[in-house]
S.K.: 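My questions will all concern the structure given below.
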Amino acid sequence: MSAQNSAPGPLKQSVRRVKKSVAKGWKSLKERISIPYLNRMTSQERVGIVYRVPSEMSIEERLFLFAFIRGTRPQRVLEIGSRHGGSAAIISCAMEDNGRGQVIGIDPGPDITVKKSLFHGRFHLISRPSPEAIPEAYQVANGFFDLVFIDGLHTHRQCAADLAGSLPYLADGGYVLFHDAFHLGVSESIRQALESDPRLHDCGYMCVRPYTDEPLLSYRGLRMLRFASSAVANPEPLIEAGYREVGLNPPVPHPDLLDHDGWYCRHFEPCPHCRAEKAALVSSKR
Ligand SMILES: C[S@@+](CC[C@H](N)C(=O)[O-])C[C@H]1O[C@@H](n2cnc3c(N)ncnc32)[C@H](O)[C@@H]1O
């Protein structure tokens with residue numbers, strides 16, 4: 001049978017076109033319907049929480065905090081300074097989106113005004129001061145913290161005590177995030193800790209817009225430290241955990257894959273791995 005004879009007729013072609021366009025329309029409709037409603041706190045994406053809660057954090061700081069929790073998927077967070085529960089609600093909502101995690105807040109004088117439902121059962125408050133209450137928070141969390149968020153009393157003395165008191169309860173590879181890191185006392189305590197503890201690594205300022213209405217010293221600024229025995233982060237345990245979580249075996253690292261990129265190898269130049277794979281396929285067919 002010639003190629004011309006097997007070509008579909010005009011009717012078949014139009015039916016195919018219609019089917020294709022219906023499928024495309026249905027796909028785009030499904031995509032539109034499934035876009036989460038960010039302000040509904042029962043939705044699958046609750047990022048709208050950043051506009052709803054009382055907090056002295058700027059919008060970009062709130063967005064960063066939310067995204068950081070979504071991205072790093074912590075199991076346990078310690079919050080030093082909870083006041084009205086604003087940042088705790090942001091963390092809790094991001095954890096709810098992740099489907100895991102709990103945040104333990106410590107504050108000697110909390111005044112929680114955020115609706116309880118916005119914590120999604122993930123926030124536990126201890127009404128005692130840091131650093132004394134940190135061991136109790138660790139007991140409640142039942143494990144090392146993946147993140148300590150320090151936003152308590154903004155003095156050099158207290159911030160240094162918050163940080164020193166938290167480190168024994170921080171997981172290897174965990175983070176410390178400071179709010180109001182532009183405060184003179186806060187930034188000085190961070191500088192001193194970095195100088196004296198080689199396990200602390202400076203990740204710099206995540207949010208850089210200072211609060212400028214205070215003439216004496218500045219506030220705001222989110223600063224991050226990483227607490228780890230090695231300064232270089234190892235991606236392998238994270239990749240492994242991600243694959244295992246969805247029931248798959250993680251890929252095995254191989255030097256031939258260093259220059260592999262699926263798209264580039266397909267369209268431009270195959271890498272050593274792709275070349276070897278193709279050669280093996282050809283010889284198996286012989
Ligand atoms: C800036 S507010 C926290 C705001 C909260 N992180 C937010 O953004 O929604 C500071 C809080 O730190 C609390 N605080 C003061 N001294 C503290 C301490 N030693 N330990 C823990 N919290 C402390 C205060 O009671 C106050 O509620």
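All ligand and atom numbering here is 1-based and tracks the order in the structure.
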S.K.: Among all the protein's non-hydrogen atoms, which is closest to atom 10 (C) of ligand 1, and how far away is it?
M.R.: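 Closest protein heavy atom to atom 10 (C) of ligand 1: D151 O, 3.3 Å.
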
S.K.: Heavy atoms only: which of P110, S87, G152 is nearest to atom 9 (O) of ligand 1?
M.R.: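 It is S87 that holds the nearest heavy atom.
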
S.K.: For I106, which part has a heavy atom under 4.0 Å from ligand 1: side chain, backbone, both, or neither?
M.R.: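 Backbone only; the side chain of I106 stays clear of ligand 1.
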
S.K.: Are any of the N/O atoms on R128, whether in the backbone or the side chain, positioned under 3.5 angstrom from an N/O atom of ligand 1?
M.R.: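 Checking ligand 1 against R128, no N or O pair falls under 3.5 Å apart.
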
S.K.: In terms of residue, atom name and distance, what is the protein heavy atom nearest to atom 25 (O) of ligand 1?
M.R.: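 Atom 25 (O) of ligand 1 sits closest to the protein heavy atom D107 OD1, 2.7 Å.
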
S.K.: Using a strict threshold of under 4.0 Å (side-chain N to carboxylate O), is an ion pair present between E245 and R100?
M.R.: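 Yes, charged N to carboxylate O under 4.0 Å.
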
S.K.: Is P108 near ligand 1, meaning one of its heavy atoms is under 4.0 Å from it?
M.R.: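 Judged by the 4.0 Å heavy-atom criterion, P108 does count as contacting ligand 1.
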
S.K.: With respect to G81, determine whether any N or O atom, backbone or side chain, lies less than 3.5 Å from an N or O atom of ligand 1.
M.R.: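 Between G81 and ligand 1, an N or O pair is found under 3.5 Å apart.
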
S.K.: In sequence, state the C-alpha distance, the side-chain angles, and the governing distance for L167 and F227, and then conclude on side-chain contact (heavy atoms from CB on, under 4.5 Å).
M.R.: CA-CA 8 Å; L167 292 186; F227 176 75; 3.8 Å; yes

S.K.: Using 4.0 Å as the upper bound for N to carboxylate O, is an ion pair formed by D202 and R223?
M.R.: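 Looking at R223 and D202, the cut-off is met.
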
S.K.: Of all the heavy atoms in Q158, does at least one lie under 4.0 Å from an atom in ligand 1?
M.R.: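 It does, in that a heavy atom of Q158 comes within the 4.0 Å cut-off of ligand 1.
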
S.K.: Can you pull out the closest protein heavy atom to atom 19 (N) of ligand 1? Residue, atom name and distance to 0.1 Å, please.
M.R.: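 Closest protein heavy atom to atom 19 (N) of ligand 1: S130 O, 3.1 Å.
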
